[in-house]
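Each remark here refers to the structure printed beneath this line.
Quick note: numbers below take in every heavy atom, side chains included, and nothing from hydrogens, waters or symmetry partners. First the proteins, then the strands, lettered A, B, ... as listed; each starts at 1.
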Amino acid sequence: MAAAGFFYLFAVLAVASGAMVILAKNPVHAVLFLILSFFNAAGLFVLLGAEFLAMLLVIVYVGAVSVLFLFVVMMLDVDFAALKAGFINNAKIGALVGGVVLAELVALFSYRGLALAPTLSAASPIPAASSGITNTQALGDIIYTKYVFFFQSAGLILLVAMIGAIVLTLKHRAGVKRQSISEQVARTAKALEVVKVPSGGSVIPAAKHPEAAE
Amino acid sequence: MDSALLHTILPELILAVGALALLMVGVFSSNGEAAGRLVGWLAIAVFVAAIIAILEQSGVSSVFESAFVSDPLTRFFKIVILVAAVLSLLLTFDDFGRIKLMLFEYPVLMILAAVGMLMMVSANDLIALYLGLELQNLALYVIAAFRRDNIRSSEAGLKYFVLSALASGLLLYGASMLYGVTGSTGYVAIAAASRVPEMASNIGLMVGLVFVLVGIAFKIAAVPFHMWTPDVYQGAPTPVTTFLASASKVAAMAMIVRFTQAALPGISGEWRQIIIFLSIASMALGAFGAIGQTDIKRLLAYSAIGHVGFALIGLAANNTEGTAGVLIYLAIYVGMTLGTFACVLAMRRNGGNVENIEDLSGLAKTDLTYASILGMLMFSLAGIPPLAGFWAKWYVFLPAIKAGLYPLAVIGVVTSVVGAFYYLRIVKIMFFDDATEAFLPRENKTSVVMGLSAAFILLFVLPYVGGTLVDAASAAAAVLAPLQTL
């Protein structure tokens, strides 16, 4: 009973905050709702017994991705009002198409019902609590053995994403002042000079500092 | 790692490790332009090494709990894909070199896209299929937008990204349905479930099938999921369009062939209806949509849509000859496409590349070889014997007639006659219209690709060329035969 109550709490909040992500006028609020939505999804994972995924969701998505979103939204000067100008017109068509597809799916499934294949094995992918194997261990047992191909492919996809982001955004402009650590380290003492300052006089050579000569 | 596993995944391994190594070569070389060319040539070497590794393979083997298979069918597709990749990379050097865009990342991204394509071809599991698809797509979005200072190229990349992401979402939804109903993502288990008699009317299986096919239909640009094609083909740099139209299309077709025949043989009646619809709609739109086009790349995009429709006829037949027909069609189509886009790349005037069909006016008077090759390619695309394009259609129409799909074959013939109109219009413009300003001299690499393509389509009738290809395709298609009869 308590589990069902929590399920509905998390599910309703997740859907409601998901809706607010796209409806909120202020983009910063949208990102905050996104974080709320992630937290509720993490709650759903806990109810399913997948606490490792719940932790990942909070650490990776809330801790890193959403904060990054927040930074991007605050740093980029994007006019969201202008972006949303055509939204209402498109939203009507989108809602119509989405509504038709949804109605069709609901009609189909309520008419015929969702039957599972007789060949389906009902084994739960999550080890029972009594087995003493934790969620994390169960994942670790298969991800580098049974699913190593998928794991490595996912790694290649992330590599492509990284190369792509660099190729499409990095600009090698001439005349940009960058910090060059190797040059700084290689500087010798010649950069500094100890001079004797006569009392009451100046050591600034007139040629090097034209503004001082004026 | 045991040697059987290593042997099975060696081509992909060569490409993936090669991409990582070339990335290092590029990063640590100081001269950007020279590094780009060096990495480009090394990438061609990597592709060739992978082709050799594929030719060394034999028999049927599946690894990673049957998620990845290697058999004559996958090897046929993989060789076509890699040859297309080599030739489209060859076309890149001069074109990108001229606008100072030959960066080392480009060949690396092409290799990574090819790894994705090879994984799509070998995928025998929904997760493997999706990962291969995304690896390919992500690399393709980036190279479509590679000319980032050009608004058309950025638009093409963005459009391709947004629409493709939507299609991937639909595909994933379908895959989740299939998993939910059958309890497995592997094709073997899904096929076993689909053969249970009462599953033929299972709603979950059906919805899953429809959504996955929608996702794949987007990737092969079949009507009604073709909207992105003309814009992306036109906007992306021409060498990238070449790669998209050849290698990427073959990989997606390989995916649809294996998904329908190996994962869902039990409900072939259901998916054949969808394939027949996609085929008819694509052929019709490809034929009529191209008529009003003035830009040659847009015209070729519509032509590509039509040709996908023709290739799907073979799949709709759902027999070994039909599958062999799809393979032959794709191999010939890739041969023609590479040549045609090489011709488009050669359309250069002092102001840069031109893309209007009118610019070809009177080409026969200024460069007869060029005009003859492009003319021959157009005749071949239209399907006029004895050129290769005719035989491609021959090998897909015949199995369709054998399978009793007369309306489909008749519509195919009618649309190819309609399509012949705009192909022949280009021939007419080149040979009978008044000459305009001549194009700049052709570059060597472009001429090589044009020549290879022309030789292929012209010599296809010879038993040594066409016969070898047809035999290889038949042997490859026979792999799926046991699945069709069950």
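If you measure heavy-atom distances from B/Val196 to chain A, the contacts under 4.5 Å come from the side chain alone. When heavy atoms are compared at a cutoff of 4.5 Å, B/Glu12 does not approach chain A at all. Using a 4.5 Å cut-off between heavy atoms, B/Val108 contacts chain A through its side chain alone, with no backbone atom that close. Residue A/Leu159 touches chain B through its side chain alone, counting heavy-atom pairs closer than 4.5 Å. Contacts between B/Ile143 and chain A at a heavy-atom distance below 4.5 Å are absent for every atom of the residue. B/Leu20 touches chain A through its side chain: at least one heavy atom from C-beta onward sits under 4.5 Å away, while N, CA, C and O do not. Only the backbone of A/Thr169 comes within less than 4.5 Å of a heavy atom of chain B; no side-chain atom from C-beta onward does.
Using a 30° and 60° split on the angle between ring planes, A/Phe149 and B/Phe68 fall in the perpendicular class, above 60°.
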Point to revise | Check against side chain to side chain contact (heavy atoms under 4.5 Å, CB included), A/Ile163 and B/Leu112 | key: CA-CA 11 Å; A/Ile163 299 174; B/Leu112 288 168; 3.9 Å; yes
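When the shell of 6.0 Å around CD1 of B/Ile151 is examined, it contains 12 or fewer heavy atoms from other residues, nucleotides or ligands.
At least one side-chain heavy atom of B/Phe211 sits under 4.5 Å from a side-chain heavy atom of A/Leu105. Using a 4.5 Å heavy-atom threshold, the side chains of B/Asp125 and A/Phe150 count as touching.
With respect to chain A, the highest number of heavy-atom pairs below 4.5 Å among B/Ala113, B/Gly132, B/Ser201, B/Ala19 belongs to B/Ser201.
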